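First comes the structure, then the notes that go with it.
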Amino acid sequence: MRLRQLSLQCSLFVLASCGALSVAMADTVIDNANGYTLNAKGDIVQFASLAFDDKGRIIAVGSAQEVAGKAPKARHVDMRGRTVLPGLIDAHGHVFGLGEMLSQLDLSATTSLAQALKAIGDYASANKNQAWLRGRGWNQENWKLGRFPTAKELDGVAADRPVWLERVDGHAGWANSRALALAGVTDKTPDPVGGKIVRDANGVATGVLVDAAQDLMKKVLPQPTEQDGRVMLDKALQKMASVGLTSAHDAGIGVAQDKLYRDYADHGKLTARIYAMIGGTGPDFDQLAKNGPLDTYGGDMYALRAVKLYSDGALGSRGAALLAPYSDDPHSHGLLFNTNEQIDTMIAKAMKKGYQVNVHAIGDAGNRQILDTFAKEIPATRGEALRHRIEHAQIVTLDDIPRFKAIGIIPSMQPTHATSDKNMAEQRVGAERIKGAYAWRSFLAQGSRIACGSDFPVEAPNPFFGIHAAVTRQDAGGQPIAGWYPEQEMSLKEAFRCFTLDAAWAGHQEKNQGSLETGKYADFIVIDRDLFKMSPYDIYKTGVLETWVAGRQVYKKK
Ligand SMILES: [Zn+2]
């Protein structure tokens, strides 16, 4: 009795003075796991037990016996035979974009205009305190409407406040009359360059603004406040934890987001490790880069040591820059956002400051521009060790694929883009150029490490959708049956590696995460099936039961 009291007091009140005992008491052993991880040799190994200390660092992995010997006084958590994996990493997402999407009305599941209008009306009554009603995800094709919706239709369910609803692809927005008036859009407003105000036969602006015309509205949209940012970050972190992401690379942040990340890290509120890229080399870069790259912050929860730049646009809107004209539009090559000199100046500026440079490049001309610039600037800045990346690397000529390896560039790719884009992509680039499109196998075969991600919220953040697409080259509907260009499939082990160790490597974090090995953090997930013993065609159905970061449970499925 006396002994028990003593140890209780020791654990509760005088931890520091109890020396070795307190350390041992704070250790945790995860038992009875059907665990899988990559090891240092790159093999997949199984484990039943995993022990970590009070800092969340792994002290042993292996059989129950092996682990028990290393942590004799630990508390035990019984996994009851469930499958345990290292936490998954999304190497390219937009965290605040995801949070914004989750904070707005989601119209993506609506199948008719009437259904959408009902949802908007309900949302308006449920959110009376919002000055603007914002939403996204509508698609008039899914409504079988044969035309765009109108401001008048929107006024019928929400006329008291401005309403702005973005189309599913972000290339058009639907406004009510209030919003149009605030934006100053009238029947007489001319179409801006690169944009269109949708009008009826009489020239009346009917409520939809396409491409650059959306800027007329964006100018009057209220800027998100810090409180809005917190709501977005909370929602995004919850979502990420629920799908098994313990880390994400945020592809483009500014001063406001950096401030929130540090604040969340300081207060133990970051439930996923964030590896952030500064968006551009403008004023935000100048301010954030004053003290140089931030390799690690808040117990390795946050890092800011990369810059995100753009070479070109997207394939769907024919904004991706191609070397030869689009197969379905002989008058267009797409567009490079910058001249070679301009992009060279930006890349050199970031590299000289010691930042990893990650450039969005979709078309083969966009990829070539960046490969050429990297080939010049990496040796000039002696920046080989910074692990520079091309984000998307979507359409690459067969001659340029080997240059990724030769120059030392990481292709950062999103498997679900391939299965979402497959029909459109082939129309855009034709049968020949498609051979270098979404070409994971070609990159892996030459020894490139691919960092995998989703580009959420463009695609869903669920990394099992990505692993599924990488392994099967099928969408979640099982199409096409034989896989889309199945010769570019990854093996399950490769896909697993691209969403764990190689994504960690692309963020200079392979010593801390990406696998469950002694010395790394106990970032792991518990899932509802055995990933390595199931049909690959069902991988997208995998559900996450628990998510742990640094030995702390941050999500448990209800
Ligand atoms: Zn992106």
Side-chain angles (χ1 to χ4, degrees), residues 88-102 136-137 166-171 232-233 236 239-240 243 245 247-254 257-258 261 272 274-281 284-285 304 306-317 319-321 334-338 343 346-347 350 355-363 366-367 369-370 388-396 409-421 424-425 437-438 440 450-463 465-466 469-470 498-499 503 506-507:
L88 299 172
I89 303 170
D90 192 314
H92 183 122
H94 302 272
V95 176
F96 287 85
L98 176 64
E100 183 179 34
M101 187 189 92
L102 295 169
R136 48 163 299 283
E166 279 182 43
R167 195 178 182 276
V168 61
D169 60 359
H171 282 279
M232 290 178 205
L233 186 50
K239 182 74 186 178
M240 285 155 61
V243 296
L245 291 174
S247 175
H249 299 192
D250 193 334
I253 69 156
Q257 290 80 26
D258 171 70
Y261 279 141
I274 300 292
Y275 179 83
M277 314 174 199
I278 302 170
T281 50
D284 279 38
F285 174 83
L304 187 65
V307 169
K308 165 84 181 297
L309 299 171
Y310 284 85
S311 171
D312 60 354
L315 196 61
S317 52
L335 200 66
L336 289 169
F337 285 3
N338 310 286
I343 195 80
M346 289 186 260
I347 287 177
Y355 285 86
Q356 178 194 53
V357 178
N358 305 338
V359 190
H360 163 120
I362 302 255
N367 276 280
Q369 182 191 48
I370 301 311
H388 303 290
R389 303 163 35 169
I390 288 185
E391 302 300 310
H392 311 306
Q394 221 164 70
I395 316 288
V396 185
I409 304 305
I410 300 171
S412 166
M413 303 177 83
Q414 299 74 33
T416 42
H417 277 342
T419 50
S420 296
D421 293 358
M424 172 275 286
Y438 313 87
W440 313 315
I450 300 176
C452 270
S454 68
D455 203 6
F456 64 69
V458 178
E459 304 278 351
N462 188 331
F465 294 178
C498 293
F499 274 98

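Order of listing sets the numbers, starting from 1, for every ligand and every atom in it. Nothing here was measured: the structure is a model prediction, and the numbers come from that model.
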- Message: Using every non-hydrogen atom in the two residues, find where Ser412 and Ala91 come nearest and quote the distance to one decimal.
- Response: OG-O, 4.2 Å
- Examine His92 and say whether one of its N/O/S atoms is closer to the Zn ion (ligand 1) than 2.8 Å. yes
- Query: Rounded to the nearest 0.5 Å, how far apart are OG of Ser454 and CG of Leu98?
  - Reply: 8.5 Å
- Query: What N/O/S atom of His94 is the closest to the Zn ion (ligand 1)?
  - Reply: NE2
- Which of the N/O/S atoms in Asp455 sits closest to the Zn ion (ligand 1)? OD1
- Item | Asn338 and Ser311, any side-chain heavy atoms less than 4.5 Å apart | no
- Task: Identify which one of His392, His417, His360, His249 satisfies the ring-ring contact (aromatic ring centres under 6.0 Å, His included) criterion when paired with His92.
- Result: His392
